[in-house]
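Heads up, the thing below is written out as structure tokens.
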Amino acid sequence: MPDFTIYEEYLTLRSLHGTTKGTDIFREFHATLEEAHLDSTKLFGVATDGCPSMIGANRGLQGLINKWREEDHLAPVTWHHCILHQESLVAKSLNMSNVMDVVTTTVNWIRVNALNHRKFKKFLADTDAEYGDLIMFTAVRWLSRATCVKRFYDLLPDIKTFAEGKIDIPQLGDELAGDVTIHFPTLSDHRTNGSFEAYSRLISNLIDEFNRRINGMSLFLPMMNMFANPIAVKVATAPDSFQLELLDMQSDIELKQLFRSEDLLEFWSRVPEGKYPNLKTNAQKYASVFGSTYVCEALFSKMIRIKNKYRSRLTDDHLKQLLHTASSAIAPRFDKLVKAQSQCQVGH
């Protein structure tokens, strides 16, 4: 919005009953823009999950949108892969199944068995443990991995005591060895004399994987810097259409003080558009560009709950309407809805 308030809304649900090729996705994407009367000139960024039908350069959604924009003489869009999803993919490259397998097996042994679960929660209550239960992890809920492992680590002494004599998990008795762990507080709490050479190699590989996946971000880094820190940008490196505005902004004492004292979106909302039209337009674009596929993942979770075995007559239109209701932040005004009815169904 002009005041840099950001709204993120669920627009629609499109059904693909046949193939799910890039051409199919593009067809539904384009039809949605037309049905919703969205101005295609304002399309700036697209976030994808990185699958081939999305990012194919020729027949994928990315290639087809780029071709459409070029043929219609529209500005190219910015493509990016949700950083949260990339974190999950990078984490898989670590291949630390020796850790996650033990955590998952132990947590499942406690939580899946109802008797074990009740006994464990009572045990934690009796020992005044910091937490009252463990957190389960599944591959679908990949965002819960870190929380699951951290909770497991915090309750590790209690888990060892509870599992003793009931199940044999030899890894729970192993002690880690430590070196310089100042940037890894959880590991620092558990360190002893020794070496973390193996973990150092894993972290190095992790950095390489991050660089490989997020390398595309460097393509629009100069424009992003003009949004994130316009006061420090080197004017000579900026595009010609921005240079005079950057010079004026960097010599404006009031704006420099405002940039230091306010958060970024509040700063841009108070920048006069008449004097800095190009900078402000660029800021609006990059303020809204970081869409996340996590929003889609959360919506899929709602859809799974709606599409259960008891909803055998659910149509695509019904599902779309129910998802609108489930994802809306607007609280329903039941009193007004009921008041508008001349006669309510008493039985309900």
Side-chain angles (χ1 to χ4, degrees), residues 1-11 38-48 69 74-87 90 143 146-147 182-186 188 206-207 210-211 213-295 298 327-331:
M1 303 299 286
D3 63 352
F4 278 79
T5 302
I6 297 175
Y7 294 95
E8 195 164 28
E9 297 286 348
Y10 159 62
L11 177 60
L38 293 175
D39 184 357
S40 57
T41 63
K42 293 187 176 181
L43 177 64
F44 177 67
V46 181
T48 74
R69 306 285 291 183
L74 299 172
V77 299
T78 299
W79 292 90
H80 59 283
H81 188 169
C82 168
I83 187 66
L84 295 175
H85 196 207
Q86 288 192 82
E87 284 183 358
V90 169
L143 285 173
T147 309
I182 187 170
H183 299 296
F184 302 91
T186 303
S188 299
L206 194 65
I207 293 172
F210 262 113
N211 289 334
R213 287 190 174 275
I214 310 179
N215 188 42
M217 296 285 286
S218 60
L219 298 176
F220 50 93
L221 196 58
M223 305 298 286
M224 193 189 303
N225 284 336
M226 288 194 296
F227 160 62
N229 194 356
I231 305 301
V233 169
K234 292 183 179 179
V235 176
T237 63
D240 294 344
S241 58
F242 292 88
Q243 289 185 2
L244 288 177
E245 292 183 19
L246 283 172
L247 285 171
D248 288 342
M249 180 174 286
Q250 292 178 3
S251 61
D252 190 317
I253 297 176
E254 291 185 6
L255 282 181
K256 290 170 73 173
Q257 291 176 342
L258 183 66
F259 181 79
R260 297 188 185 99
S261 61
E262 300 290 346
D263 65 62
L264 191 59
L265 295 183
E266 176 63 23
F267 164 75
W268 281 111
S269 70
R270 294 166 66 177
V271 169
E273 186 173 2
K275 190 174 182 180
Y276 305 98
N278 293 323
L279 283 175
K280 191 140 185 176
T281 299
N282 180 72
Q284 286 179 323
K285 290 178 179 179
Y286 282 97
S288 61
V289 74
F290 294 104
S292 169
T293 54
Y294 169 71
V295 180
S327 61
S328 175
I330 302 174

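Computed over heavy atoms, backbone and side chain alike; hydrogens, waters and symmetry mates excluded.
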R270: partners by side chain to side chain donor-acceptor pair (under 3.5 Å), with sequence neighbours left out: E262
Side chain to side chain donor-acceptor pair (under 3.5 Å) partners of T41, counting only residues at least two apart: D39
Got a sec: does the [atom1] of [X] have more than 12 other heavy atoms crowding it under 6.0 Å?
X    : atom1 : result
E273 : CD    : no
L265 : CG    : yes
I6   : CD1   : yes

Specify the closest pair of heavy atoms between [X] and [Y], including all atoms of both residues, with the distance to one decimal.
X    : Y    : answer
Q243 : A236 : NE2-O, 3.7 Å
P277 : G274 : CD-O, 3.9 Å
S40  : R69  : O-NH1, 2.6 Å
Q250 : V233 : NE2-O, 2.8 Å

Any side-chain heavy-atom pair of K275 and D252 under 4.5 Å: yes
Worked verdict on F4 versus K280 for side-chain contact (heavy atoms from CB on, under 4.5 Å): CA-CA 10 Å; F4 278 79; K280 191 140 185 176; 3.6 Å; yes
Sequence-distant partners of F242, ring-ring contact (aromatic ring centres under 6.0 Å, His included), two or more places apart: none
Centroid-centroid distance, Y286 to F44, less than 6.0 Å: yes
